Protein chains: 2
Amino acid sequence: MPLPETQIPGRLQAYFSERGIRITQQRRAVLRVIETATKHLDAGQILRKVQRVDASVDRSTVYRTLQLLKRHGLIDELDLMHIRGEGHYYERKMNREHIHIACLRCGKITEFVTSTYDKLKQQVEKDCHFKILVSRLEVGGYCSACRQ
Amino acid sequence: MPLPETQIPGRLQAYFSERGIRITQQRRAVLRVIETATKHLDAGQILRKVQRVDASVDRSTVYRTLQLLKRHGLIDELDLMHIRGEGHYYERKMNREHIHIACLRCGKITEFVTSTYDKLKQQVEKDCHFKILVSRLEVGGYCSACRQ
DNA sequence: AGCGTTCTTGCGACCAGTTGCAACTCTCGG
DNA sequence: CCGAGAGTTGCAACTGGTCGCAAGAACGCT
Ligand SMILES: [Mn+2]
Ligand SMILES: [Mn+2]
Ligand SMILES: [Zn+2]
Ligand SMILES: [Zn+2]
């Protein structure tokens with residue numbers, strides 16, 4: 001994941017306190033893990049990282065926090081073509097919307113930004129009279145290396 | 001779901017026998033359910049429909065058949081923005097790739113076909129040197145009716 | 001700082017999806 | 001039509017995600 005320079009640690013926590021959403025030790029730990037992630041993490045990975053800070057944190061708390069973040073549009077939920085298992089992956093929502101490209105052979109995930117994607121979404125909004133709040137484009141196939 | 005006229009019942013079963021994939025009573029039932037579906041079904045709905053034909057069919061068989069169909073590119077797996085629950089939805093793969101648009105308020109699912117989507121995929125293939133086998137674009141937001 | 005309200009947590013029970021295994025059944029060749 | 005062999009099934013056990021509930025923590029107000 002890009003982890004752009006614009007990503008200030010503590011941003012999620014700031015969002016919470018601005019909105020009067022309670023900050024607990026458990027939530028603080030989850031937010032830290034998500035903010036400092038350098039790749040897409042699934043719920044299990046997030047749980048394990050959180051438990052290295054506080055082993056008593058329950059899995060339901062992590063799931064509830066992920067739901068909260070999702071509801072507020074602070075993270076995106078991805079399938080990444082279910083390369084491994086059938087669970088979901090999470091990433092901090094960034095400035096630029098990007099496409100996820102998953103190689104079905106080596107498992108590499110590539111992110112791709114293009115204005116064509118923005119145009120396509122605008123077209124959907126116009127043609128379907130629909131207000132888009134979330135969107136997700138994922139593709140699976142073979143990367144150049146895996147095609148020899 | 002469109003259920004286009006080009007959709008001949010028995011097509012999936014024909015595909016199986018052409019390839020020497022065994023056709024069992026259980027698989028036949030699952031294929032029938034998927035071929036005659038008029039909307040996106042989740043695994044639980046498929047299981048219940050199959051069990052109305054043969055009550056002894058186990059859930060693992062349905063899941064395994066769905067995996068088989070997915071592996072052969074005969075069905076697409078969708079999240080539909082997890083409007084209801086967190087499971088996946090399935091649909092027979094059609095001639096035209098389409099976008100799924102989910103209203104987060106009323107739950108309506110709209111399908112949309114546009115050449116812009118094809119162009120975007122071509123661009124990804126070219127710019128990322130990637131061979132696309134599967135793709136999935138889902139958007140969530142509010143439909144015109146739900147915005148008054 | 002102490003208090004009360006309200007929200008959050010951990011727990012246990014539950015449900016959905018996966019997997020190893022032994023019993024079964026398809027398919028093909030004879 | 002039958003039998004052999006490979007592939008498939010149901011089952012049971014397990015894992016991952018959800019939910020109701022009672023105990024516990026956060027935070028605004030004094
Ligand atoms: Mn999914
Ligand atoms: Mn569809
Ligand atoms: Zn690859
Ligand atoms: Zn709507």
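Each chain gets a letter, A, B and so on, in the order its sequence line appears, and its residues count up from 1. The structure presented is a predicted model; accordingly, all values stated were derived computationally and were not measured.
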Could I get the full list of side-chain contact (heavy atoms from CB on, under 4.5 Å) partners for B:Lys119, not counting sequence neighbours?
B:Ser115
Qualifying residues under side-chain contact (heavy atoms from CB on, under 4.5 Å), relative to B:Val113, sequence neighbours excluded:
B:Arg96, B:His98
Give the other cluster members for A:Met81, using side-chain heavy-atom distances under 4.5 Å between Ile, Leu, Val, Met, Phe, Trp and Tyr residues; answer none if it is isolated.
A:Ile83, A:Leu104, A:Tyr142, B:Leu133, B:Val134
d(OH, B:Tyr90; C1', C:dA16) in whole Å:
11 Å
Salt bridge (Lys or Arg N to Asp or Glu O under 4.0 Å) involving B:Glu125 - partner list, sequence neighbours excluded:
none
What pairs with B:Ser56 under side-chain hydrogen bond (donor to acceptor under 3.5 Å, both in side chains), at least two apart in sequence or on another chain?
B:Asp54
Return the residues of residues 69-88 of chain B meeting this criterion: a heavy atom under 4.0 Å from some atom of DNA chain D. Order them by number, or give none.
B:Glu86
A:Lys49: what forms a salt bridge (Lys or Arg N to Asp or Glu O under 4.0 Å) with it, not counting sequence neighbours?
none
Would you list the protein and nucleotides 20-24 of chain C atom pairs, both N or O, that sit under 3.5 Å from each other?
unit_1 : atom_1 : unit_2  : atom_2 : d
C:dG20 : O6     : B:Arg64 : NH1    : 3.3

The salt bridge (Lys or Arg N to Asp or Glu O under 4.0 Å) partners of B:Arg136 (sequence neighbours excluded) come to A:Asp79, B:Asp79, B:Glu138
All N/O pairs under 3.5 Å across the protein-nucleotides 26-30 of chain D interface:
unit_1 : atom_1 : unit_2  : atom_2 : d
D:dA26 : N3     : A:Arg22 : NH1    : 3.3
D:dC27 : OP1    : A:Ile23 : N      : 3.2

Can you sort out the partners of A:Gln51 under side-chain contact (heavy atoms from CB on, under 4.5 Å), two or more places apart, ordered by chain and number?
A:Leu47
Non-neighbouring partners of A:Tyr117 that pass side-chain hydrogen bond (donor to acceptor under 3.5 Å, both in side chains), sequence neighbours left out:
A:Ser135
Categorize A:Arg27 for me: base, sugar-phosphate, or nothing, with a 4.0 angstrom heavy-atom threshold over every strand shown.
sugar-phosphate
